[in-house]
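What follows is a short report on a single structure.
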Amino acid sequence: MYISLYDVGLFSLFVLLVIIGGYLIVVLQRALGVLCLIRGVLDAHQDDIGETISLFKETLTNINELTVSLKETTDHTNRAVRALPGEFTDTVEELRESFETFAFYAKIVGDVVKAVFSKAA
């Protein structure tokens, strides 16, 4: 009696299929265990999950209100910042004119004082 190469190949293939089948059974059993654990957690916290989901609508409404408020605030700030350079320029121009007027009057007073005290000496 002798064993052919064909019989050894079939036996090896059969053993390999049995090993792969056993491995798949173990993997599926663990996956089923994990799914049962997840199901248990979901069942235990079903009320909390329902409450959280019911708050989503209110949360989205609040987020939309905050977004609108932020947009309005940004627009107001943008307008204020754009108005600042014009107001600042106007204020600087007024200060410059005031200093020019003050310098003009100071020069006149200085000339008068110079003229009065230089003739007296």
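As the structure is a computational prediction, the values presented were derived from the model and not from experiment.
Contact of the Ile53 side chain with the Phe56 side chain is registered, since non-hydrogen atoms from C-beta on lie closer than 4.5 Å.
The local environment of CD in Glu100 is crowded, with over 12 non-hydrogen atoms from other residues, nucleotides or ligands closer than 6.0 Å. The environment of CD in Glu97 is crowded: more than 12 heavy-atom neighbours from other residues, nucleotides or ligands sit within 6.0 Å. For Leu17, the CG atom sits in a packed shell: over 12 heavy atoms of surrounding residues, nucleotides or ligands are nearer than 6.0 Å. Heavy-atom contacts from other residues, nucleotides or ligands closer than 6.0 Å to CZ of Arg96 number more than 12.
Here Glu93 contributes atom CD and Leu95 contributes atom CG; the two are 10.0 Å apart, rounded to the nearest 0.5 Å. Atom OG1 in Thr74 sits 10.5 Å away from atom CZ in Arg79 (nearest 0.5 Å). Distance OG1/Thr61 to CG/Leu55: 11.0 Å, rounded to 0.5 Å. The CG atom of Asn78 sits 10.0 Å away from atom NZ of Lys71, with the distance rounded to the nearest 0.5 Å. In this structure, Leu28 CG and Ile25 CD1 are separated by 8.0 Å, a value rounded to the nearest 0.5 Å.
Ser12 places a side-chain N or O within donor-acceptor distance of the main-chain N or O of Val8, the cut-off being under 3.5 Å. Ser69 places no side-chain N or O within donor-acceptor distance of the main-chain N or O of Leu66, the cut-off being under 3.5 Å.
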Check against salt bridge (Lys or Arg N to Asp or Glu O under 4.0 Å), Lys107 and Asp111: CA-CA 6 Å; Lys107 185 177 179 185; Asp111 288 343; 5.4 Å; no
Report the C-alpha distance between Leu42 and Gln46 in whole Å, list the side-chain angles of each, state the deciding distance to 0.1 Å, and finish with yes or no for side-chain contact (heavy atoms from CB on, under 4.5 Å). CA-CA 6 Å; Leu42 289 176; Gln46 186 172 5; over 6 Å; no
With side-chain contact (heavy atoms from CB on, under 4.5 Å) as the criterion, how do Glu65 and Asn62 come out once you've worked through the C-alpha distance, each side chain's angles and the decisive distance to 0.1 Å? CA-CA 5 Å; Glu65 290 174 2; Asn62 289 340; 4.0 Å; yes
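By the rule that hydrophobic residues join a cluster once side-chain heavy atoms approach within less than 4.5 Å of another member, Ile38 and Ile49 end up as members of one cluster. Taken together through direct or relayed side-chain contacts under 4.5 Å among Ile, Leu, Val, Met, Phe, Trp and Tyr, Phe11 and Ile19 form part of one hydrophobic cluster. With hydrophobic clusters built from ILVMFWY side chains whose heavy atoms lie under 4.5 angstrom apart, Leu24 shares a cluster with Leu16.
Defined by atom type and a distance below 3.5 Å, a donor-acceptor pair is present between the side-chain atoms of Asp7 and Ser4.
In summary, of the residues considered (Tyr105, Phe104, Phe99), a side-chain contact (heavy atoms from CB on, under 4.5 Å) with Thr101 occurs for Tyr105 alone.
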